[in-house]
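As structure tokens, the structure follows; a few thoughts come after it.
Side chains included, hydrogens not; waters and symmetry mates left out as well; all remaining heavy atoms used. Both ligands and their constituent atoms are indexed starting at 1 by order of listing.
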Amino acid sequence: MGDISLLKLTALILIPVNLACFRLALSATLQSDVDNLRQLQQIWPTAPLDWHGDDPCGLRWRGVGCTAQTKYSVVTELSLSGMINGTLPSLIGNLVNLQYLELSYNDFQGGIPTDLGKLANLQFLSLQVCGLTGSIPSELGNLSKLEFLALNGNQLIGGIPHTLGYLQVLYWLDFSENLLSGPLPVSTRNDAHVGLDNLTSLLHFHMNNNSLSGAIPVEIQSLKLVHLFLDSNSFSGRIPPEIGNLSALQYLRLDYNYLLGEIPSSISNITTLQELHLNDNGLTSHIPDLSALSNLQFLDLSSNNFSPERVPAWFSNISQIRTLIAENCSLIGPVPPDIFRLPNLEAVLLRANGLNGTLQFPTQNISSQLIMVSLEWNNITSINQVPYTPNFKYLLEGNPVCNNIFNTSDVCNTQATDMTMTWKSPTIPSCTLRSCEQTKTLNPLLCTCVYPFTCTIQFHSPPFYSLDDSKITALGTALWSHLSLNSTQVWVESANITDKHRLKVNVLFFPAGNAASLNYDEESYIMAQMHSPRLLISDFGPYLLIHINRPLGPTDNCAFANNSTCLSTKRRLLIPILLPALTVAVMLLVLISWWYWRLRRPSVSVNVINCEVPVRFTYKQLSAATKKFSEKLGAGGFGTVYKGMLSDGTLIAVKQLERSGQGDKEFHTEVATVGSIHHVNLVRLYGFCSEGSRRLLVYEYLSGSLEKYIFNGRKHGLFLDWKTRFNIATDAARGISYLHEGCRKRIIHCDIKPQNILLTHDFSAKVSDFGMAKLMDRAESHVITNVRGTRGYLAPEWLMDDAPISEKCDVYSFGMLLLELAGGRKNYDFSASSSKLYFPDWVLNQITDGNIIECIDDRVGSEADIKEVKSLIYVALWCIQEEAHLRPSMGKVLQMLEGSIPIPDPPHSLTKQSSDTSSMLTSSGNSE
Ligand SMILES: *[C@@H]1O[C@H](CO)[C@@H](O)[C@H](O)[C@H]1NC(C)=O
Ligand SMILES: *[C@@H]1O[C@H](CO)[C@@H](O)[C@H](O)[C@H]1NC(C)=O
Ligand SMILES: *[C@@H]1O[C@H](CO)[C@@H](O)[C@H](O)[C@H]1NC(C)=O
Ligand SMILES: *[C@@H]1O[C@H](CO)[C@@H](O)[C@H](O)[C@H]1NC(C)=O
Ligand SMILES: *[C@@H]1O[C@H](CO)[C@@H](O)[C@H](O)[C@H]1NC(C)=O
Ligand SMILES: *[C@@H]1O[C@H](CO)[C@@H](O)[C@H](O)[C@H]1NC(C)=O
């Protein structure tokens, strides 16, 4: 154990380690930004903002993100959700470098200041559920770089400003659940003004639950929408047939309006449509055949004024339908038995029609999913052959058939039938502990009392009609696995389907292990993931985070210490009282642990490794763990890596840095920052050692690197099949995108290449070596990366002295990596024929000639999924554009790989000339 100095240890723990990622920011913060933040701090006295000192970027103020420019760092990100009570002041408009402004779930009095229109660099603006009043300032139309705009869940009044039509790169527009009125503004023919039809990048258009009126404009056809929610407004007139041109639309909600006329048959041209809500309007005439909608899962036609007609035969041909609702639709005649053969049908509701005759179920091939047939208030006189499946229910109250034999059964008594529209989690019998002291909440999965982070999620349109345990379980699983949390951290507390078919779910997020609550960054991570459109929860459809509640209580995430980050996240009142007490407690704890170590532990154990804060090791310990640095794993520009084992058997990789150029204290701070970044696709930093001039880093050990498999595979008989390669690509994208976007402060990796993608035993991928620039000083890391980075992965701007280094450098390297992963070869292969020497050029030629399959490793051959090959290669070609602004952000890269957004055809060349239509992809990153 040797010479850990108590003072140093205490210093380490009490250094303000603001978690999360960093930028290459060593210069001081621009003074005007400092002044503006200080004023905000005055205006928001109740917010627990631990803003001290006068260098917000250098000192990493909570909620503040920065970008380094030549002389100063400027504030580019402000992210303070769920903690402010006050006003939204105009002076935010003075933070002119802001690119990302996230102030959702706060309690603001007053309106949106027009000065927000001065934030010319803004790309993301989210003010959801903030209690904002007043109207939407037309000045928001000046934010020409805006991609994401969410003002939903406020009390905004007035009309939608037509100036929003200037937001050429906007892909997300959510004004739902406000008090907005007036029409959807469209551009005028004489070009006098723009309108919403000019939003040619728009994919998500959410206007539901307002008081908007007028007709649905035909101009809507020029958008590329995926989601269109206009429900619960006062729209009138006909549904324009041009709506059939929205050929990518997946969700269409027009319910609860005053729409008239026929349903245009062109809707059946939108074959991507998954959900269609036309109920509760005044639609007339007959219902067109919609069976061409081969992806349709949910259809509601209820409560319109259709002419009386028999149940359309095409109802039995909507191949994917799960929920079919046509109540109060003047349907007459018998219920066609074939409906019940639809393979995915769960619920069919045909209440209050004129259906008559005998209810006949088919004798075989009845849908195994069927749980509900609701036929109340019709004219059905008899029934035969009731199928028996465990959860199946059918309801006939109000039909003549109930006047006879069935009168007393549940079938004739709807009230007695339990339709699960609300769901509450059962109490867990295995937990003997049933309640906690007042402020805490039981985590029933671990039987512990903790402070959960509570969220309410609202799904816009679940494809099912009612709830059951298995759906909720699936939701819980989807949440923890998508968010890379432990399964014991997510608990769905309750859920209910509202009468306008939205699903509200209350979810508790618990801290991992034995921590009492999540820390600020973990909460922010969850929030960012939950209200980014990126996270699609299959089988539940799109959703919004509509409410959050940050816990009140001490944060303690460390096994043996409270660092000041943990403390500062907490409520203002607790801090003055708790801080001195905790400092004493921490010092006592440290003292005790120190004695404990000294006396009993020859070596560091896993308990200590579980601490959020990286552990300090002594050189002697690491020398013992690595058998005197005998087993070399590899060497790079930053140092040599050795394999080792701790006394409890945990395998580690120890990296001995060659030169760090940083003092002991700086090194601690940076290690604490980098070490606090946790993601399932990032290699974990367990600890470090800093003695004299020695600097070592201790990482989780993983046996294989991607390099070994894709380049040397032939030699060693190693081989990755296509599926694995594709999974590795998405894993790595997830890791890198977390570095870029998952935390408040961005980390640029600067050295993405196959050697730095490590593989677990089951071939999931983890990105290693991130944060090195942080642990070395900037000049040095730049030089080193230049020297050792092979030309294959370095973005062109690295080689230019003055060009800004942004996340787009990583995107470039990642694109190069993707090509190598697909091709199973290096991008420069001097042993190849001249046409194949530079792989990216060759790939471009193959694409042009339509030979995409030639781009992949011949060993993978025909088993590759051609759709995935295309995505991977196309994404790669976008990533390696020489112009940084043409490259997509890592978030988009991930979405494209996951298939949640379409991938445009890549340009025909990698250089400037090709800067054509790519507005959708040009996004964050370039700090001028
Ligand atoms: C916010 O402040 C107002 C006025 O100071 C007060 O009435 C309100 O209760 C506060 N809300 C919260 C959530 O603290
Ligand atoms: C807006 O859209 C209209 C109709 O497509 C078009 O004529 C007009 O030029 C567009 N205006 C701008 C500024 O893009
Ligand atoms: C559907 O699309 C086709 C081709 O795009 C077109 O010819 C046809 O008229 C459309 N159908 C309707 C009902 O609009
Ligand atoms: C049921 O049938 C009777 C007689 O055929 C008719 O008078 C009545 O209006 C029908 N009810 C409904 C709801 O269609
Ligand atoms: C069902 O209703 C239709 C139209 O109202 C009628 O023509 C038909 O005779 C009825 N069938 C039976 C079996 O009552
Ligand atoms: C999840 O948490 C439990 C309890 O803290 C722990 O035993 C388990 O190992 C964790 N699982 C993973 C995959 O981390």
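- At the top of the distance list for atom 10 (C) of ligand 2, counting protein heavy atoms only, stands N198 ND2, 2.3 Å.
- Atoms of ligand 6 found under 4.0 Å from any heavy atom of L446 (numbered from 1 in listed order, with element): 4 (C).
- Under 4.0 angstrom from ligand 6, there are no non-hydrogen atoms of N514.
- Checked against H206 for a ring pair (Phe, Tyr, Trp, His ring centres under 6.0 Å), the options F175, F148, F229 give a single hit: F229.
- Rounded to the nearest 0.5 angstrom, L223 CG and L196 CG are separated by 8.0 Å.
- Remark: ligand 6 atoms within the under-4.0 Å shell around heavy atoms of T488 are 2 (O).
- The shortest contact between atom 5 (O) of ligand 6 and any protein heavy atom is with G513 CA, 4.0 Å.
- At the top of the distance list for atom 6 (C) of ligand 6, counting protein heavy atoms only, stands N486 ND2, 4.1 Å.
- When hydrogens are left out, the protein atom nearest atom 7 (O) of ligand 2 is D191 OD1, 4.3 Å; that is the closest non-hydrogen contact.
- Regarding atom 13 (C) of ligand 2, its nearest protein heavy-atom neighbour is V194 CG1, 3.4 Å.
- Nearest to atom 8 (C) of ligand 5 by heavy atom, out of N356, N379, I332, is N356.
- Nearest protein heavy-atom neighbour of atom 3 (C) of ligand 2: S187 OG, 3.4 Å.
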